[in-house]
Amino acid sequence: MKETAPNPFINGLWRQNPTFVQILGMCPTLAITNSVQNAIAMGLATAFVLICSNGLIAAIRKHVPKQVRIATYIAIIATAVTVTDYLVKAISISVYKALGPFIPLIVANCLVLERAEGFAAKKPVIPSMMDGAGMGLGFAFGLTCLGTVREVLGAGTFLGIHLFGPNFEPWVLFLLPPGGFISLAIWLLIFASYRERKDRRERARAALLTIQPAEVQS
Amino acid sequence: MNESLGHIFVDAFLINNFVLCVFLGMCSFLGLSSKVSTAWRMGVSVIFVITVSAILSYGTNLILVAFHAEYLRLITYIVIIAATVQLTEMFIKKKSPELFRELGIYLPLITTNCAVLAVPLFQTARGYNLLQSTVFALAASGGYCMAMVLLALVRERTELSDVPSLARGTALTLVLASILSMAFMGFAGMGGGG
Amino acid sequence: MSGTTIIEVRTSPHLHGPMTVETIMRHVIYALLPIAAFFSWHFGLSAALLLAVTTAGCVLAEHTACRLSGKRSTVNDYSAAITGLLLGLTLPPGLPLWMAVVGCLVAILPGKLLFGGLGSNVFNPALVGRAFLQAAFPVAVTNYTPGLAANRFVEFIPSTWAVPLMKPAPLNDWLAKVAVDGFTGATPLAMQKFDHIYSELGPLLWGLGPGSLPGCLILLCGAYLVVRGMMDWRITASMIAGAAATGGIFHLVNPALYPDPVWVVFTGGLLLGATFMATDPVASPVTPRGMWIYGLLMGVLTVLIRNLGGLPEGVMYAILFGNALSPLIDRLTPPRPYGARKAQVPQ
Amino acid sequence: MTGATTKSAQMIRFLGFVSLLCGVLIVGAHITSQSRIRVNQEEILRESLAQLLPGMTRQVIYIVTPTGKLASAASGESGGKRIFAGFDAGGKFLGVVLEASERGYADVISAMYAYSPGSQTITGFSVLEMKETPGLGNKIGSDPDFLANFKALDTTHPVAAVKHGKKTNPWEIDAISGATISSRAVGRMLAASVQEMAPIIARHRDRIERGN
Amino acid sequence: MNFFGAERFFGPKRLWRGIHVPEHKEQTAHLPIRRLPFPPLLIVPLSQHAGKPAKAIVHEGQEVVRGEPIAEADGFMSVPMHAPATGRVERIAPAPSAKGELTPAIYIRPYPGASQEVLYGAEQNIDQMTPAQVVAAVQATGVVGLGGAAFPTHVKLKVPEGKKIDTVVVNGCECEPYLTTDHRVMVEYPRQVLHGARIAMRAVGAERAVVGVEDNKPDALAALRAANGDRPGILIEAVAAKYPQGAEKMLVKVLLGREIPAGGLPADVGLAVFNVATLAQIGELLPDRQGLIERVVTIAGPAVSKPGNYLIPLGTPLRWALEQAGCTDQAVSVVLGGPMMGAAVGSFDIPLTKGVTGVLVLAKGGAYGEAQVFPCIHCAACVNVCPLQLDPSHLGLLARKDRYEEMETVYHLNDCFECGCCSYVCPAHIPLVQYFRVAKQMNRERKARS
Amino acid sequence: MTEFLIAGGIMGAIGATLAAVLAFADKKLYVYEDPRIDEVEGLLPKANCGACGCAGCRAFAEKAVKGEIAPGKCTVNSAEGVAAVAALLQIDAGTEERRVARLACAGGPHVARHRALYIGLPTCRAAALVNGGAKGCSWGCLGLGDCERVCTFQAIHMSGHSLPVVNEPLCTACGDCVEVCPKQLFSLHAVSHRLWVACRNMADGAQAEADCEVACTACGRCAVDAPGGLIQIVNNLAVIDYGRNSLASPVPTQRCPTGAIVWFEKDQGPLRGPEAKRITRQSPLPVRAADLPTQRATSSYEGMHS
Ligand SMILES: Cc1cc2nc3c(=O)[nH]c(=O)nc-3n(C[C@H](O)[C@H](O)[C@H](O)COP(=O)(O)O)c2cc1C
Ligand SMILES: Cc1cc2nc3c(=O)[nH]c(=O)nc-3n(C[C@H](O)[C@H](O)[C@H](O)COP(=O)(O)O)c2cc1C
Ligand SMILES: Cc1cc2nc3c(=O)[nH]c(=O)nc-3n(C[C@H](O)[C@H](O)[C@H](O)COP(=O)(O)O)c2cc1C
Ligand SMILES: Cc1cc2nc3c(=O)[nH]c(=O)nc-3n(C[C@H](O)[C@H](O)[C@H](O)CO)c2cc1C
Ligand code: SF4
Ligand code: SF4
Ligand code: SF4
Ligand code: SF4
Ligand code: FES
């Protein structure tokens with residue numbers, strides 16, 4: 001563990017991306033990404049919750065007794081989620097319908113509690129909110145990536161716009177549960193191959209730098 | 001709707017399996033399924049927590065309805081779950097330190113397992129009575145446990161082979177999960193028309 | 001020679017039996033060829049082309065993927081060709097070729113190579129490919145054209161040549177031209193399930209229904225492999241038995257709704273599945289008792305899905321489910337080692 | 001920071017206080033958003049009714065009591081099946097809209113349909129909620145050919161879905177090819193709903209058409 | 001094909017699992033046993049048996065007479081050595097062994113023209129001896145299991161405390177391909193075999209003996225039956241030829257329907273099992289109080305020009321034996337023992353010892369390890385043939401991933417007796433037995449460490 | 001307003017009840033666990049290598065907190081890490097001298113002969129079970145890299161001459177390679193043990209030299225050149241008494257004719273003396289043609305053992 005404190009915002013957005021690196025908050029990631037629009041909405045809703053809950057928890061972090069820590073965090077998160085729930089309902093019923101039962105489930109989204117415990121419980125309010133924003137947007141980014149694959153292949157559209165003309169044969173699978181798994185697998189494979197290539201380059205460079213103890217000279 | 005108990009069970013256990021068809025409890029499904037023993041223990045803990053909290057939430061919901069305070073559902077459910085989990089954790093820690101050593105790290109994760117929260121929410125939305133709720137909770141959590149164990153079994157098998165380094169880890173797990181989920185599509189429509 | 005002989009040391013045994021993976025796989029292909037020939041004869045040019053494309057597609061996919069990842073190509077073990085042939089045999093003959101190619105890629109890449117190649121895959125690759133296609137293009141994959149069409153050797157089914165990524169053109173005109181009167185595009189199973197119309201059983205034994213394969217021929221080809229000791233008959237037998245028994249029970253309960261056991265066994269993909277796909281050694285248990293349980297389970301599941309589920313055919317899902325369970329079955333049915341029983345001292 | 005050092009009373013006070021705060025916050029959000037949500041919901045309802053009954057500007061909602069009586073929704077009665085009667089700008093009765101649901105391929109399909117008590121035909125159909133397979137079963141909500149079945153679907157005979165291209169009678173629904181199961185579910189749903197509701201509507205036809 | 005094992009109900013008693021291997025016995029089965037001349041230098045290792053090595057009782061430069069003890073047993077789990085030829089002890093020094101390590105040995109240079117006659121020994125009357133005395137007398141002969149394991153025979157003759165042995169099982173199966181030593185011993189020395197069996201019965205207090213002979217050796221069966229006449233107590237039974245019928249666990253199961261418990265001994269089910277050659281040596285040596293100084297070794301294989309059964313003095317260097325039997329220039333590999341279980345040697349300077357049943361010279365082609373190795377395809381061929389009903393398939397997969405402990409605790413690795421059936425049938429040519437040997441060794445070492 | 005009251009009431013009640021239950025449970029079910037265990041574990045490298053002799057890092061943390069093991073026993077941890085653990089527990093770090101794995105063989109196939117061709121599993125363990133591994137020298141490295149495979153820290157790599165080379169900075173002295181090598185060629189040594197005999201061959205000089213060109217021929221020169229009994233010849237092999245390591249210097253390597261004794265110079269690896277044979281051969285020696293006694297060969301017995 002390197003202790004260089006990275007910018008919490010960038011950290012969540014990329015380095016510790018919740019979807020692709022931490023593999024957290026998988027339920028909405030897989031369930032709400034069969035269209036880009038839903039993915040973005042869900043991502044933003046989660047980001048909103050994260051910012052609120054991180055901020056609130058950071059604010060009271062010094063007063064929380066250890067035994068009721070989790071219960072307190074959960075209560076605060078649940079409040080933020082309920083508020084979000086009403087907010088979404090008030091803004092657009094159709095978006096609310098698409099997100100279905102998954103808005104209440106943001107409460108149980110591992111990502112939110114993980115950030116509460118892992119960051120907001122230890123850091124001041126502003127960085128915590130930054131972290132919430134970074135993680136939330138990183139999450140939204142992940143969802144959008146996934147939603148793109150699924151919508152483009154599964155329906156031939158992007159944000160509802162037809163890409164391939166009316167004769168496109170949609171790959172229904174991508175809108176179904178297996179498609180969610182596969183799309184995420186595709187993204188992870190892409191990132192893994194990118195990382196592998198980078199690693200290989202770095203290792204090659206490191207090999208040049210380290211002094212190899214010479215084999216018994218002949 | 002007046003669904004029969006058998007139907008509720010088959011539906012939540014197979015057809016709309018929480019994990020493979022509805023995407024609930026994903027994080028632990030992907031994260032804790034590398035060993036069968038772990039998956040099984042997590043599955044059983046979840047069955048326990050879900051069933052207890054489903055019954056408790058059923059009662060709570062009655063109170064909330066009586067006070068016309070339905071908007072407090074979410075927060076009360078989750079707080080109940082968190083408390084159930086924490087009590088379970090303390091209890092196991094006291095009574096069986098070995099089991100705690102095995103389960104310790106997973107127990108807190110149950111709080112943030114969407115499947116656990118989804119059960120009370122769904123049962124309320126569908127208007128199940130107490131018996132239906134209990135069956136539903138058992139079926140949903142049993143389905144979770146089954147999916148966990150199935151995935152763990154196939155993952156353990158892949159451990160004996162030479163998976164390309166590229167796919168090792170979550171990507172392979174996801175591919176396995178997607179094939180399992182395709183296999184579960186065969187159950188779709190069971191109990192439906194036809 | 002004598003002065004330079006290099007002595008070799010190996011571990012025992014110093015002899016080896018005649019069987020190799022490559023011969024087994026080659027003979028499986030031999031056993032599949034008559035079925036492929038029948039398929040091509042029955043449905044004509046399009047079917048033959050479909051089989052050629054799936055076989056070549058799988059082999060090429062494996063070869064290319066191995067090469068790209070810098071490994072020795074593993075197509076010489078013939079297993080990719082089997083995957084291709086079986087995938088082709090489970091698809092409707094008029095399937096657009098581009099979809100068939102997608103199926104090959106899925107079967108070989110995530111279905112096989114991602115797990116580490118031959119022997120490592122948990123699920124039957126051909127069925128992974130087929131399940132993917134069925135879920136991605138459910139209409140195209142269940143759209144059967146009539147067999148024995150008069151012009152089948154001179155004309156392709158138009159949907160075969162659909163433009164990649166695009167829908168195949170509707171077949172109505174073509175069907176009107178070739179079809180025997182009253183052709184609905186439904187397989188005998190679908191007609192039975194949705195309309196409770198039973199096709200005559202006789203032609204089905206010889207695979208003359210739409211979307212059917214010749215049951216008797218498949219059994220013969222399977223018997224060849226069993227006799228050569230290249231295939232385990234226990235899975236096939238128990239799967240057929242499981243399906244027949246379950247089908248029988250359903251039939252007894254409601255003969256009007258559920259077909260009799262012979263019909264259950266000889267329609268749809270059950271025999272092909274039981275003979276060639278459930279027996280895929282890689283994805284099936286190795287213990288003797290495990291094989292029985294595995295087969296029975298898949299047979300029962302096939303009929304349950306057929307009779308209770310939303311789909312007319314359940315073999316594919318049953319086998320995939322069986323594949324998922326086979327590690328568990330292996331674990332629960334270890335052979336009893338010699339001497340594990342308590343000593344029985346006769347004194 | 002070990003367990004014994006924290007006073008129980010402190011814990012209780014703290015959690016109680018936080019919960020109280022949360023409760024208050026939630027109620028605040030609930031109350032402030034409630035009116036807006038209700039407006040939204042009504043808007044949606046009107047839109048979907050207007051879709052089924054083109055030209056509709058005003059609706060009256062009735063509730064069928066368990067005893068088979070008709071009550072106005074305004075009377076506070078709740079729990080029974082709802083009947084929406086639609087009227088155009090000129091106050092002319094356009095027909096009623098009914099809700100129905102049935103188990104489809106994947107899960108329950110719930111839908112609304114427009115029914116004309118005069119001609120005893122179904123004149124429109126729209127899906128409220130379903131989990132049918134996208135691209136297949138979910139065409140029951142969007143496929144123009146399928147929706148064309150409901151221009152004037154005869155209900156004097158039990159409604160039923162038949163395979164695509166096999167429709168011969170006015171009470172038959174031409175199924176979507178590849179989604180026969182979902183189409184049949186729609187058929188069953190309508191048949192059952194009409195069988196239940198048509199007599200009630202017939203009984204109270206005058207009142208409904210008057211709109212009070 | 002095993003159709004429900006139906007074949008078990010027909011013909012002679014038969015092993016259910018196991019395999020049919022081409023026998024190749026025709027090369028030597030008809031050839032009478034011939035003596036091999038003394039080599040210029042004999043190397044007698046002090047450890048030719050399972051158990052503690054013997055202790056040399058001669059010194060460098062000492063003259064020894066053929067048959068004279070040259071090393072004494074070091075405790076009960078040990079046997080003495082006797083001089084295989086009359087000559088002079090040249091030195092006592094480490095010598096290469098079949099295992100690859102150097103082990104202490106007595107080098108004896110026979111006098112040129114030394115006689116093959118054994119002049120050493122004294123008569124003793126076995127009928128007067130108590131079982132304990134028989135055991136001691138057998139130990140003094142230095143006889144160990146000649147079936148391959150070289151386990152000291154007198155240890156087996158001593159009935160463990162609290163056990164009772166009702167039957168002596170005589171193992172005349174010789175199921176390994178190529179080998180015909182037991183076959184020739186039965187044909188040429190049936191009297192000694194039976195005599196040895198009676199001595200063994202006396203020692204363990206058994207009422208009966210059963211001789212199991214594979215039905216591919218009708219002449220051996222006939223010879224034994226003729227020699228036995230109708231004297232009661234010894235039963236001579238044919239069993240169907242199948243590998244590894246000769247393994248004692250298989251033999252007692254097929255002959256008597258008893259299963260030796262895992263990790264147990266034949267004595268646990270009231271049995272003692274001896275190889276025919278072992279008993280023949282006891283029957284031959286015991287009355288004259290002589291020591292084991294030679295044994296019959298089959299020298300055969302595709303690359304041997306003068307195959308046969310040779311009576312070789314123990315300690316004969318492999319090189320000498322091969323020179324006498326002659327190798328063709330096809331030879332690439334030399335194996336001590338049968339092709340299924342024997343060990344390849346990397347040096348010709350090793351001596352032939354009490355446990356060597358055969359020397360095979362294999363030619364290029366047809367040998368194991370030539371074809372491409374594929375991954376395990378889970379074909380279950382190995383599971384179907386494993387005579388001990390293990391799961392070699394999973395064992396092999398686990399071994400590949402170094403999961404040795406699991407192999408032992410879950411998959412009964414230690415029951416495997418390395419018969420090689422699984423490797424033989426594996427279409428993927430996976431060296432299963434080799435994996436298992438490594439795994440067993442790793443487990444042993446791990447246990448020793450902790 | 002009633003809504004606010006109701007909500008506040010319900011939530012406050014629920015919160016207080018739960019807190020009460022938890023508080024009660026906390027009293028009844030509390031199990032004391034030293035919080036420092038977690039903190040120590042957090043400071044450990046989590047390699048779970050077992051080099052410290054404990055079953056994993058958690059076990060080490062438990063022992064460390066109980067004072068049963070010194071923080072420095074974790075050789076994998078960085079110096080700062082060790083210091084941090086020590087500071088946390090307010091005890092002495094108890095660092096011991098770093099140890100590394102040393103290989104007692106230098107006979108790659110370019111200098112050491114094989115007497116036969118081994119065909120089988122490409123692991124040293126498996127090869128060693130087949131007639132000792134087909135190498136001429138039965139003590140020598142089989143070169144199939146079991147040690148490279150087991151080293152969790154990638155501290156070993158097989159050189160071009162199929163000999164393992166230890167990358168000392170990476171080696172944590174976990175001992176895995178020591179356990180796996182079938183020829184027991186690895187041992188863990190303090191880095192200050194710089195004089196090293198890279199050979200185990202116990203055959204007499206001539207045989208040793210015939211088997212391997214860099215074998216210790218037991219000529220005894222190093223023993224003579226080393227002060228105070230530092231080196232002795234035991235069983236045809238030079239043996240260093242590390243109890244007298246303070247006497248060690250590169251001197252004993254100077255006259256070694258085969259270069260079997262070497263001096264580890266920091267960052268330069270093992271160095272041979274100037275008298276050591278220069279071996280320029282890169283390719284493997286041919287497997288010694290097996291003089292398999294064929295039919296035509298006359299007795300080749302004479303002189304089999306010199
Ligand atoms: C992945 C998948 C999804 C399906 N979804 C639906 C569906 O939503 N609605 C439906 O009626 N049938 C669905 N089916 C069932 C088949 O398409 C079924 O064969 C079809 O309904 C029969 O209609 P047909 O006779 O017009 O082909 C689905 C099948 C698959 C494989
Ligand atoms: C460690 C060990 C101990 C044995 N102890 C006895 C014994 O006490 N009594 C006995 O009759 N046989 C004993 N045996 C002999 C075995 O039963 C068996 O006959 C011998 O190992 C040779 O069998 P094999 O050639 O099938 O491997 C022992 C064998 C081993 C390996
Ligand atoms: C796989 C296997 C095959 C064996 N085959 C024979 C055989 O053919 N003949 C034989 O006498 N012993 C054979 N043995 C050894 C016997 O198990 C048993 O050790 C022997 O008969 C005991 O007699 P002994 O101690 O006198 O040698 C075999 C052992 C094994 C493990
Ligand atoms: C009897 C037998 C049946 C087989 N069945 C299949 C099959 O159904 N699908 C398939 O992809 N490969 C099949 N194979 C080929 C091979 O085992 C398969 O490609 C492996 O799963 C690849 O690892 C079969 C091979 C044999 C010997
Ligand atoms: S596992 Fe052992 S006992 Fe079984 S067949 Fe293989 S070598 Fe023989
Ligand atoms: S015989 Fe070989 S390929 Fe077949 S299961 Fe056994 S180890 Fe695997
Ligand atoms: S040092 Fe040992 S383990 Fe390493 S390659 Fe040499 S023989 Fe193998
Ligand atoms: S395996 Fe050997 S080289 Fe690698 S770290 Fe452990 S002791 Fe060092
Ligand atoms: S988001 Fe559902 S379990 Fe993590």
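Fair warning: this is a prediction, and the values are worked out from it, not measured in the lab. Order of the sequence lines fixes the chain letters, A, B, ..., with proteins taken first and strands second; residue numbering starts at 1 for each chain.
- The two residues B/L72 and F/A7 come nearest to each other via the heavy atoms CD1-CA, 3.8 Å.
- Here CD1 of F/I14 is found 6.0 Å from OG1 of B/T60. Values are rounded to the nearest 0.5 Å.
- For B/L64, the part lying under 4.5 angstrom from a heavy atom of chain F is the side chain only.
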